[in-house]
Amino acid sequence: MELTRRGMLGGAGAALAVGAVGFAGAASVSDGDAVADGADPGGDAVGTGTDGTGSDDENGESGSVPVDPEAPFEARLLHEGDGERRLFDAGDLDRVQGVVANGGEHLVYVSLGDAGIDAVQSGLADAGATDDPEGFVVSMTLDGTEVRRVALDEATVSELTDEEWGGVLTLPFGEPSVAESVYGSLADA
């Protein structure tokens with residue numbers, strides 16, 4: 001299974017949803033043929049097949065791997081004056097793909113399971129981010145250390161709460177070592 005930017009909501013350079021917020025969401029998870037069909041994910045992917053199709057293994061799933069549900073990765077929703085709440089963690093993720101170099105960013109793709117999608121959507125709604133995203137921030141941590149902080153906007157929250165959203169997120173990082181650490185931690189080897 002290849003997690004690509006095909007069907008991505010918004011634009012590149014976002015981290016938890018869309019636009020320029022640093023969190024890019026995708027509407028679908030495509031199969032390993034997406035790259036072979038010309039839907040290039042936009043960079044050099046670690047974990048794609050040697051022929052560039054992402055399908056070197058017998059299941060055609062070398063583009064992404066299962067997530068270690070015990071990985072110390074967490075995304076928390078913060079709001080000015082209201083504290084914080086868990087948005088999702090590694091246990092809510094199904095698959096991870098990365099690291100993809102794209103311009104100056106290093107992308108890690110993750111796919112939330114159904115429970116993870118529900119957790120993100122209900123967490124945003126319960127916190128009031130769907131009504132007024134101003135002042136909401138997503139903080140992503142690895143082993144308790146913040147690796148990315150993203151301010152949410154109306155377009156991002158709208159896309160993340162759309163019933164058609166398939167649960168794929170693009171997590172961009174400025175430093176390749178940070179992206180590799182996140183991927184390495186999440187990948188269930």
Side-chain angles (χ1 to χ4, degrees), residues 1-6 8-26 29 35 40-48 54 61-79 84-113 116-117 119-120 123-124 129 133 136-153 155-157 159-160 167-189:
M1 176 179 301
E2 179 99 12
L3 305 177
T4 68
R5 291 186 306 159
R6 180 183 217 170
M8 186 179 298
L9 306 173
L16 174 58
V18 296
V21 295
F23 210 43
V29 177
V35 173
D40 181 3
D44 300 322
V46 174
T48 59
E61 294 186 353
S62 62
S64 68
V65 297
V67 169
D68 175 0
E70 302 298 318
F73 179 81
E74 181 178 48
R76 298 195 65 77
L77 183 63
L78 315 175
H79 189 256
E84 61 183 69
R85 66 176 66 209
R86 179 188 162 283
L87 198 56
F88 68 88
D89 63 19
D92 296 311
L93 301 173
D94 282 340
R95 301 191 68 81
V96 61
Q97 179 183 333
V99 171
V100 178
N102 184 12
E105 293 187 315
H106 306 277
L107 311 175
V108 175
Y109 297 95
V110 296
S111 176
L112 288 157
I117 293 170
V120 168
L124 291 169
F136 282 94
V137 174
V138 175
S139 172
M140 290 173 270
T141 62
L142 181 62
D143 247 347
T145 301
E146 187 172 80
V147 292
R148 183 75 178 201
R149 180 176 281 241
V150 179
L152 295 179
D153 61 15
T156 298
V157 172
E159 296 293 351
L160 289 172
V168 178
L169 298 170
T170 303
L171 310 177
F173 300 96
E175 295 294 322
S177 61
V178 175
E180 290 163 7
S181 292
V182 170
Y183 175 79
S185 178
L186 289 173
D188 190 10

K.L.:
Which heavy atom in Asp92 sits nearest to a heavy atom in Gly116, and how many Å separate them?
P.N.:
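So the two residues come closest at CB-CA, 3.7 Å.
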
K.L.:
Please report the shortest heavy-atom distance between Ala75 and Val138, naming the atom on each side.
P.N.:
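For Ala75 versus Val138, the nearest heavy atoms are CB-CG1, 4.1 Å.
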
K.L.:
At what distance, to the nearest 0.5 angstrom, does CG of Leu152 lie from NE2 of His79?
P.N.:
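One gets 10.0 Å once the value is rounded to the nearest 0.5 Å.
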
K.L.:
Would you say Val65 and Asp188 make side-chain contact, with heavy atoms under 4.5 Å?
P.N.:
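No, too far: nothing below the 4.5 Å cut-off.
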
K.L.:
For a quick test of reading the model, state the closest non-hydrogen atom pair linking Gln97 to Gly63 and the distance between them.
P.N.:
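Heavy atoms of Gln97 and Gly63 come nearest at CG-O, 2.6 Å.
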
K.L.:
Within the structure provided, determine whether Val100 and Tyr109 are in side-chain contact (heavy-atom separation under 4.5 Å).
P.N.:
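Yes, close enough: below the 4.5 Å cut-off.
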
K.L.:
Verify, without hydrogens or angle tests, whether Ser181 (side chain) and Ser177 (backbone) share a donor-acceptor contact under 3.5 angstrom.
P.N.:
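Here the side-chain-to-backbone pair exists.
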
K.L.:
Go through the steps to decide whether Val168 and Val110 satisfy the test side chain to side chain contact (heavy atoms under 4.5 Å, CB included), and finish with yes or no.
P.N.:
CA-CA 6 Å; Val168 178; Val110 296; over 6 Å; no

K.L.:
State whether a side-chain donor-acceptor pair under 3.5 Å links Glu146 with Ser139.
P.N.:
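Side-chain D/A pair, Glu146 to Ser139: present.
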
K.L.:
Which atoms form the tightest heavy-atom contact between Gly174 and His106, and what is the distance?
P.N.:
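That closest heavy-atom pairing would be O-CD2, 3.4 Å.
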
K.L.:
So, Asp153 side chain and Thr156 main chain: donor-acceptor pair closer than 3.5 Å or not?
P.N.:
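Yes; judged by distance alone, with no hydrogens or angles, the pair exists.
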
K.L.:
Is it the case that more than 12 heavy atoms not belonging to Glu175 sit under 6.0 Å from its CD atom?
P.N.:
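No, not enclosed.
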
K.L.:
If you round to the nearest 0.5 Å, how far is CE of Met140 from CG of Leu171?
P.N.:
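Between Leu171 CG and Met140 CE, I get 5.5 Å after rounding to 0.5 Å.
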
K.L.:
What is the distance from atom CZ of Phe173 to atom CD of Glu105, rounded to the nearest 0.5 Å?
P.N.:
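Rounded to the nearest 0.5 Å, the CZ-CD separation comes to 10.0 Å.
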
K.L.:
Would you compute the distance between atom CZ of Arg86 and atom CG of Leu77 and round it to the nearest 0.5 angstrom?
P.N.:
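Between Arg86 CZ and Leu77 CG, I get 12.0 Å after rounding to 0.5 Å.
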
K.L.:
Consider only side-chain N and O atoms of Ser111 and Arg95, and report whether a donor and an acceptor are under 3.5 Å apart.
P.N.:
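No.
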
K.L.:
Are side-chain heavy atoms of Thr141 and Val147 found at a separation under 4.5 Å?
P.N.:
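A side-chain contact is absent here, since even the closest heavy-atom pair is not under 4.5 Å.
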
K.L.:
Taking the side chain from Asp68 and the backbone from Glu70, do they hold a donor-acceptor pair closer than 3.5 Å?
P.N.:
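Between the backbone of Glu70 and the side chain of Asp68 there is a qualifying donor-acceptor contact (under 3.5 Å).
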
K.L.:
So, for Val157 and Pro133, which heavy atoms are closest and what is the spacing to 0.1 Å?
P.N.:
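Heavy atoms only, the tightest pair is CG2-CB, 3.8 Å.
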
K.L.:
Calculate, to the nearest 0.5 Å, the distance between atoms CZ and CG belonging to Arg76 and Asp89 respectively.
P.N.:
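Separation between the atoms: 9.5 Å.
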
K.L.:
Distance check, rounded to the nearest 0.5 Å: Leu107 atom CG versus Leu169 atom CG?
P.N.:
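Reported to 0.5 Å precision, the distance equals 12.5 Å.
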
K.L.:
Less than 4.5 Å apart, any side-chain heavy atom of Asp94 and any of Leu112?
P.N.:
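Sidechains of Leu112 and Asp94: no contact.
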
K.L.:
My understanding is that only one of Val67, Leu142, Val96 makes a side-chain contact (heavy atoms from CB on, under 4.5 Å) with Ser185; could you say which?
P.N.:
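Answer to the side-chain contact (heavy atoms from CB on, under 4.5 Å) test with Ser185 among Val67, Leu142, Val96: Leu142.
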
